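Quick caveat: nothing in here was measured; it's all calculated off a predicted structure.
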Amino acid sequence: MAESQVTIKGSIVPLSFNASKCKVALRTMVNGEEIEYPILAKGAGIDFIDMVSNFVSAKGILQPCEEDDCTKIHVCSYTILDELDENDLFSSANE
């Protein structure tokens with residue numbers, strides 16, 4: 001099965017649970033539910049450790065992680081969004 005890239009808009013937050021090799025997460029809303037995707041600290045994801053509280057649009061590959069019971073994201077590229085875009089992040093559907 002080929003993995004495909006997804007685009008997720010959200011905010012960078014400190015990880016609220018233990019997920020190996022991850023320090024921060026991408027928090028977004030999906031169907032009215034808040035979800036955190038731990039960000040793998042490789043590729044473009046390395047940049048996010050110093051970007052807590054920033055809003056981003058991240059393109060990456062979702063990777064199920066059974067040992068941590070979560071879905072991690074391997075970020076390939078991202079764009080920093082203005083704080084003015086905060087309402088748009090949670091009112092529009094993620095691509």
Asks: With rounding to the nearest 0.5 Å, note down the distance linking CZ in F48 to CD1 in I73.
Replies: 8.0 Å
Asks: State, with a plain yes or no, whether a side-chain heavy atom of S57 is found less than 4.5 Å away from one of T7.
Replies: yes
Asks: When you group the ILVMFWY residues by side-chain heavy-atom contacts below 4.5 Å and let the links chain together, are L40 and V75 in the same group?
Replies: no
Asks: Are the side chains of E36 and L15 in contact, using a 4.5 Å heavy-atom criterion?
Replies: yes
Asks: Looking at side-chain heavy atoms only, is the closest gap between I12 and F55 below 4.5 Å?
Replies: no
Asks: So, taking the atom named NZ in K59 and the one named OG in S77, what distance separates them when rounded to the nearest 0.5 Å?
Replies: 5.5 Å
Asks: Minimum heavy-atom separation for T28 and K9, please, with both atom names.
Replies: OG1-O, 2.7 Å
Asks: Is there a path of hydrophobic side-chain contacts, each under 4.5 Å between heavy atoms of I/L/V/M/F/W/Y residues, joining V52 to V56?
Replies: yes
Asks: Can you tell if the side chain of V30 reaches within under 4.5 Å of the side chain of I8, non-hydrogen atoms only?
Replies: no
Asks: Measuring only between side-chain heavy atoms, which start at C-beta, is C22 closer than 4.5 Å to I39?
Replies: no
Asks: For the residue pair P38 and C70, what are the closest heavy atoms and their distance?
Replies: CG-SG, 3.9 Å
Asks: Check whether any side-chain heavy atom of C65 sits under 4.5 Å from a side-chain heavy atom of T71, and report yes or no.
Replies: no
Asks: Using ring-ring contact (aromatic ring centres under 6.0 Å, His included) as the criterion, list what pairs up with Y37, not counting sequence neighbours.
Replies: none
Asks: Should L62 and V13 be counted in the same cluster of Ile, Leu, Val, Met, Phe, Trp and Tyr side chains packed under 4.5 Å apart?
Replies: no
Asks: Given side chains that start at C-beta, do those of M51 and I80 come closer than 4.5 Å, heavy atoms only?
Replies: yes
Asks: Quick one: CG on L26 to CG on N54, what's the gap to the nearest 0.5 Å?
Replies: 11.5 Å
Asks: Can you tell me how far apart CZ (R27) and CD (E34) are? Round to the nearest 0.5 Å.
Replies: 4.5 Å
